[in-house]
Amino acid sequence: MFWIQAFVKIALIVGVLVNMAAILLWVERKQSAMMQDRIGPNRAAIEVGGVRIRAAGLVHSIADGIKMIWKEDWEPVGGDRLLYRLAPIIALVPPLCLFAVIPFAPTLHVDHLRDLYDPAWAADPNDHSIPMRITTLDVGLLYIFAVAGAGVIGAALAGWSSNNKFSLLGGLRAASQMVSYEVAMGLSLVGSFMIYQSVQPADMITWQMQHCWGIFVQPLAFVLFATAAIAETKRVPFDVPEGESEVVAGYFTEYAGLKFGMFASGELVEVCTSSALLTVVFLGGWQFPFVQNSGFEFHYLGLDISWHWAHFIVVLVGLLSFVLKVAGLIFLQLQIRWTLPRFRYDQIMMLGWRILLPAALLNVLLTGMGILFYNGLSTTGGGTP
Amino acid sequence: MTATTKVLRKPRRTLAEQSYLLEVVKGLGVTLKHFFKGTGQLVSGNKPSPVTDPYADGCATLEYPDEKRPYAQRWRGVHRLTHRDDGSPRCVACLCCSTACPAQCIYIKPAEYPEGDKRRGYERYPEEFVIDELRCIFCGFCVEACPCDAIRMDTGVHMTAFDLRSDFVYDKDQLMSHVGQDGTQKSANTRHEPGDPTHPGITRLHGGH
């Protein structure tokens with residue numbers, strides 16, 4: 001049963017993510033068009049019984065996929081065949097794997113779909129429940145840093161195995177940029193770990209449900225992590241690995257067809273996963289404001305509203321809330337990509353090492369001081385802040 | 001004279017501008033404003049027409065094959081040969097146009113009208129009238145040179161794309177099939193056929209010249 005569950009969840013998430021890449025391609029094109037007073041893609045059409053379905057340009061994503069499949073699978077002469085073919089896989093798979101530990105909805109207790117939530121269910125050994133994440137790892141979010149780091153290898157291998165100077169330069173740039181921002185990215189989350197006292201995504205969401213969203217206790221970390229995450233995706237403000245006038249298309253200059261498509265969709269999947277990560281750590285994960293496990297609870301400003309919902313509705317609201325938050329963050333990331341001009345290479349390095357890294361360290365220091373101060377105030381001393 | 005030096009200072013930036021973050025938010029505000037405006041126009045369908053209102057605020061894209069910007073009245077398009085009332089070409093094969101043509105893209109083979117035709121002796125007609133539209137530079141000199149208003153470029157059609165070079169060579173029938181922007185194949189200028197009382201040649205002949 002466990003394995004069937006796991007396989008179904010994996011298939012579901014990978015399916016959603018891969019299709020999200022196609023949809024994001026459309027979103028990106030259409031959104032940028034709207035921002036720049038254009039119409040955007042709208043010509044590709046599927047003809048069904050004489051009716052041309054254009055779906056506001058969504059068909060272009062399908063056309064792109066077909067184009068990539070039928071393009072000549074050209075390979076550079078003198079490159080390393082094995083690594084050249086391996087690189088797009090290494091670039092695409094880690095972003096997909098990142099989703100393994102991200103919970104996207106509250107645990108579903110199958111036996112109690114219509115009941116009011118009871119914390120005793122979780123302790124009941126006979127209870128059938130489906131945790132809404134692929135797996136729970138003891139290392140929690142540290143797994144994400146480990147796997148995200150592997151994405152560098154794909155870019156570096158692609159640059160090296162293409163037997164092209166521009167590819168090599170692009171690969172080097174990608175590698176150094178990603179390694180630099182990995183440091184700031186990891187350190188920016190340390191403050192959150194200190195406050196949540198856990199590296200488990202589930203514990204983080206529970207803490208945020210009981211207290212407040214992470215963005216309110218760690219605003220600096222949110223900005224730092226978001227910046228580093230955008231840099232990790234190698235998209236426009238930070239897109240030095242590719243640049244028409246400098247290094248052609250960077251490390252994927254020599255890639256054509258579906259191999260290029262894997263790099264491109266890997267980039268978009270990274271946008272999804274980094275948004276999901278931001279949601280879990282800073283925006284309360286699947287928690288909707290004022291919704292607890294029992295339903296809508298508002299006990300502030302002298303009001304005392306309790307609106308109890310059946311368990312499955314709470315789970316559904318949680319799932320929708322997670323999807324909404326992720327969609328909003330994706331929108332923000334795409335908006336940033338089409339708003340900001342790209343940095344110069346030295347500016348990227350300066351931002352990473354001389355601003356983000358010290359700021360992340362400062363955040364750790366401030367968080368530590370804050371926790372000490374808070375604990376000192378409380379008479380019990382120690383315990384969770 | 002001593003050289004004067006002008007010291008250029010770096011533009012002063014406030015702390016808010018230096019911090020970059022605030023400027024990022026401002027920039028996002030600008031793009032968001034455009035985004036919502038564009039999306040609103042797209043969803044509601046009342047975007048300004050790029051044809052009638054090309055300088056309006058908002059989306060300015062012209063969906064070309066579906067929407068076309070009207071050409072000016074005097075815009076020079078593909079040539080046409082104007083018709084007489086009886087449907088024959090107005091051209092009298094005087095070769096003025098092919099002489100004026102800087103690209104030498106017009107070929108005319110003049111011919112006499114057959115014996116017994118009223119026009120015989122007054123004018124010739126083009127047995128062949130060929131324009132190589134690939135050579136043509138659309139300067140309009142042929143139209144200027146024509147004394148009979150027989151060749152015009154007021155079709156409002158720009159050169160169509162073909163697969164074969166030979167398709168670009170338009171013959172007499174093709175040129176005569178083109179329609180002007182006013183929808184007729186004729187010319188608004190009057191034309192006096194030989195034999196008409198108004199024909200100047202007849203007047204001269206009977207006027208004792």
Side-chain angles (χ1 to χ4, degrees), chain A residues 26-45 52 54-58 219-228 230-231 235-238 328-344 347-348 350-352 354-356 358-359 362, chain B residues 8-71 158-163:
Chain A
W26 170 75
V27 172
E28 182 154 58
R29 284 174 178 160
K30 209 71 183 173
Q31 189 179 350
S32 63
M34 291 297 104
M35 281 168 42
Q36 297 169 350
D37 293 347
R38 295 184 284 114
I39 294 176
N42 67 343
R43 303 304 301 184
R52 294 166 74 83
R54 286 181 171 174
L58 203 51
L220 181 61
F222 177 77
V223 173
L224 294 178
F225 186 75
T227 313
I230 293 172
R235 286 157 60 79
V236 154
F238 300 96
L329 282 173
I330 289 174
F331 182 89
L332 183 70
Q333 285 202 32
L334 297 190
Q335 194 81 14
I336 287 173
R337 183 230 195 281
W338 288 99
T339 302
L340 301 182
R342 71 201 289 263
F343 291 116
R344 237 169 29 222
Q347 289 171 330
I348 285 193
M350 202 192 77
L351 182 69
R354 286 171 58 185
I355 296 176
L356 288 195
L362 184 72
Chain B
L8 291 175
R9 286 208 168 79
K10 276 189 172 179
R12 286 206 182 141
R13 298 201 187 98
T14 61
L15 190 68
E17 283 167 350
Q18 284 282 26
S19 75
Y20 196 66
L21 208 59
L22 199 68
E23 297 297 305
V24 167
V25 176
K26 271 192 209 165
L28 284 175
V30 172
T31 48
L32 264 183
K33 204 176 75 190
H34 277 261
F35 172 79
F36 284 119
K37 192 175 173 190
T39 316
Q41 282 180 349
L42 187 85
V43 172
S44 66
N46 56 4
K47 74 183 181 72
S49 162
V51 176
T52 58
D53 203 3
Y55 300 112
D57 224 22
C59 179
T61 309
L62 186 85
E63 292 185 68
Y64 171 65
D66 300 336
E67 302 172 331
K68 283 180 183 168
R69 211 161 268 153
Y71 290 123
H158 58 242
M159 213 37 240
T160 328
F162 296 111
D163 292 330

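Quick note: numbers below take in every heavy atom, side chains included, and nothing from hydrogens, waters or symmetry partners. All chains are named by letter (A, B, ...) in the order of the sequence lines, taking the proteins before the strands, and each is independently numbered beginning at 1. Treat the numbers as computed from the prediction; the structure is a model and nothing was measured.
The distance from the CE atom of M34(A) to the CG atom of L32(B) is 14.0 Å, given to the nearest 0.5 Å. To the nearest 0.5 Å, the span separating OG1 on T31(B) from CG on L334(A) amounts to 11.5 Å.
For L340(A), the part lying near chain B is the side chain, with the backbone staying farther off; criterion is any non-hydrogen pair under 4.5 Å. With a threshold of 4.5 angstrom between heavy atoms, L42(B) approaches chain A through side-chain atoms but not through N, CA, C or O. Neither the backbone nor the side chain of Q41(B) comes within less than 4.5 Å of any heavy atom in chain A. Neither the backbone nor the side chain of I355(A) comes within contact range of chain B; no heavy atoms are under 4.5 Å apart. Heavy atoms of Y20(B) lying under 4.5 Å from chain A belong exclusively to its side chain.
Ring-plane geometry between F331(A) and F35(B) is classed as perpendicular, the angle between the planes exceeding 60 degrees on a 0 to 90 degree scale with a lower cut at 30.
Surrounding CG of D163(B) are at most 12 heavy atoms belonging to other residues, nucleotides or ligands under 6.0 Å away. The neighbour count for R54(A) CZ, taken as heavy atoms of other residues, nucleotides or ligands under 6.0 Å away, is above 12.
Looking at every heavy atom in both residues, H34(B) comes nearest to M35(A) through CB-O, 3.3 Å.
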